Amino acid sequence: MNYIEEGKNPPKSKSALSTPEELVEALKPLIGQKIPMTGKSRTDGSNFRKIVTNHLLSKYMPTAADEYEIVPPKQKGVPAFLREYIDTYIVTTGDSYNLQVWNRNPNSASVQVDLKNGEALLASDVRFVLGKINADNCIETIIIMTPDYIENRFGKFGKPTVKQQLIISNKKREAIIRKGGMVITDFQLPREILACDDEIINEEVSIKDEPNKVLPIEIIEERIKDKLVGGKLDISLSTKQRGQQLERMVAYQLGYRDLQDGLEGGYPDIKNQMLEVKVQDSPTIGLGRYSPQFEEQINENFTTRTIRYLIALTNAEDGAIDGLIICPGEELGKYFTYVAEKSFKCQRSIPMSFFEEFKGKVVFNP
């Protein structure tokens, strides 16, 4: 059986994956095994991945998914060993090891594989298998780590300076429209910064003013949904101008009246409600410099993951708004997929002493 090819197919469900404890036991026989080393990092890394893949799948092979979709274009950033949802890396010499992850933020909720059973494999679900290779070209240590553990122990992965995008597939878009939209409440925000249901926005307040309180998402939906869905954006306008048109429509329905000087394109668009407004008339939405994929503090109370997003699902042919998505930023990746306009890498330095500490062992999140 060709285990390398079998390893490229995802599991039928998350529950089919080996547990961390099972991986530890399964990988123990690899300690001391010689690995062909060429000095070329890509080739050596591929050899280690093949050793791990062949060994694990010869012992236990999760049932393959009957139907699935790999969401990132050209599979960018998706682990090659999908059957156990593992990324492998080799560690050699030096004072520290620079872990590099290409084309995804390792610890973000971003759909990589849709298993078509209601489950999805997220970027944050990947298991990292790092093999320390000694001077005799033998596997000396294997450490299995989760992205969350890596960040908690060694610090966050570095953020790349590329513009981020979000993919909403046509199938998911149509499903949301059929359900009448997608609304997820501000469950992470403290109650004291949420305004009362009957809060009236003062006409003198600008959308760019720093907020004291913000309207809950369910009230935003209540105030704008019936006015927006079924309405139209002007398709003769540019993408940026249609976004401004939508922003103006949303702001007006929320109660803002001084809109002449407010649309200068800051983040978020309607700062007084910490609300970012986007038009979706193609599968890819431009997110710009800020993305919930990378958590950044925006003000005292909000990060890129608690900023609220309003996405108008718009018909590209006539500009009709067919449905709305309103949710905190951190929810977007759980349903959709982050990509970037060009390749990027996220990096995290790990001291070599960490690997020396577990010499001769296979451990998980030690």
Side-chain angles (χ1 to χ4, degrees), residues 14 104-112 118-126 146-153 155-157 159 164-168 172 176 179-199 201 207-225 250-251 254 266-278 280 285 287-312 323-338 346:
K14 286 186 174 183
R104 71 175 191 271
N105 178 357
N107 200 26
S108 70
S110 178
V111 177
Q112 304 297 293
E119 289 186 311
L121 297 175
L122 307 179
S124 54
D125 294 329
V126 175
T146 59
D148 183 60
Y149 172 84
I150 292 170
E151 289 203 337
N152 286 333
R153 175 134 189 182
K156 290 186 179 294
F157 285 87
K159 181 196 172 190
Q164 300 294 318
Q165 300 170 327
L166 185 76
I167 294 178
I168 300 178
K172 285 192 174 180
I176 291 169
K179 291 179 181 178
M182 171 179 151
V183 177
I184 301 175
T185 59
D186 303 288
F187 59 91
Q188 295 282 15
L189 290 180
R191 286 184 172 274
E192 56 267 24
I193 67 171
L194 292 174
C196 300
D197 294 358
D198 58 352
E199 185 96 7
I201 292 171
I207 64 172
K208 294 303 176 187
D209 289 345
E210 195 72 33
N212 293 317
K213 291 187 175 185
V214 296
L215 293 170
I217 279 178
E218 58 268 30
I219 302 304
I220 292 175
E221 180 202 21
E222 184 181 296
R223 293 190 183 184
I224 67 170
K225 183 177 178 179
V250 171
L254 289 176
Y267 179 84
D269 294 309
I270 302 178
K271 188 176 183 180
N272 195 242
Q273 292 298 329
M274 285 298 171
L275 184 67
E276 180 75 347
V277 177
K278 296 290 180 184
Q280 195 253 5
I285 302 171
L287 297 177
R289 178 191 162 195
Y290 293 102
S291 164
Q293 184 181 13
F294 300 93
E295 188 170 26
E296 295 182 67
Q297 199 73 37
I298 301 302
N299 68 9
E300 183 181 353
N301 295 313
F302 285 84
T303 72
T304 47
R305 291 184 177 171
T306 51
I307 292 283
R308 291 89 66 77
Y309 279 75
L310 184 151
I311 300 172
L324 297 176
I325 296 170
I326 315 174
C327 67
E330 65 182 328
E331 296 298 312
L332 291 176
K334 297 176 184 178
Y335 299 90
F336 315 115
T337 301
Y338 296 113
C346 294

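What you see is a predicted model, and the numbers here were worked out from it, not measured in a lab.
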Flag, side chain of [X] to backbone of [Y], donor-acceptor distance under 3.5 Å:
| X | Y | answer |
| --- | --- | --- |
| Lys14 | Ala120 | yes |
| Lys172 | Tyr335 | yes |
| Thr337 | Ile167 | no |
| Glu276 | Asp269 | yes |
| Gln273 | Leu215 | yes |
| Asn152 | Asp148 | yes |
| Ser124 | Ser110 | no |

Taking side chain as C-beta onward, heavy atoms only, is [X] less than 4.5 Å from [Y]?
| X | Y | result |
| --- | --- | --- |
| Ile311 | Leu324 | no |
| Asn272 | Val214 | no |
| Pro292 | Glu330 | no |
| Gln188 | Glu331 | no |
| Ile184 | Met182 | yes |
| Gln293 | Leu166 | no |
| Phe294 | Cys346 | yes |
| Leu287 | Tyr309 | yes |

Which atom pair, heavy atoms only, marks the closest approach of [X] to [Y]?
| X | Y | value |
| --- | --- | --- |
| Pro147 | Ala123 | CG-O, 4.2 Å |
| Thr185 | Pro328 | O-CG, 3.5 Å |
| Thr304 | Glu295 | OG1-CA, 3.2 Å |
| Ile224 | Leu310 | CD1-CD1, 3.0 Å |

_Test: Glu296 and Arg305 ion pair at under 4.0 Å_ = no
*Quick one: do Arg308 and Asp186 make a salt bridge, cutoff under 4.0 Å?*
yes
*Taking it one step at a time, do Lys225 and Val183 satisfy side chain to side chain contact (heavy atoms under 4.5 Å, CB included)?*
CA-CA 11 Å; Lys225 183 177 178 179; Val183 177; over 6 Å; no
Value rounded to 0.5 Å, distance of [atom1] in [X] from [atom2] in [Y]:
| X | Y | atom1 | atom2 | value |
| --- | --- | --- | --- | --- |
| Leu121 | Gln112 | CG | CD | 9.0 Å |
| Leu275 | Ile220 | CG | CD1 | 5.0 Å |
| Ile193 | Thr306 | CD1 | OG1 | 7.0 Å |
| Lys278 | Leu332 | NZ | CG | 11.0 Å |
| Ile270 | Ile207 | CD1 | CD1 | 5.5 Å |
| Gln280 | Ile176 | CD | CD1 | 8.5 Å |

*Could Lys208 and Tyr267 be counted as a cation-pi pair, given that NZ or CZ must be under 6.0 Å from the ring centre and within 45° of the axis?*
no
*Please indicate whether Glu300 has more than 12 foreign heavy atoms, meaning atoms of other residues, nucleotides or ligands, lying under 6.0 Å from its CD.*
no
_Within the 3.5 Å criterion, strictly below it, is a donor on Asn107 or Glu151 matched to an acceptor on the partner's side chain?_
yes
*Could you walk me through whether Tyr290 and Ile307 pass the side chain to side chain contact (heavy atoms under 4.5 Å, CB included) check?*
CA-CA 10 Å; Tyr290 293 102; Ile307 292 283; over 6 Å; no
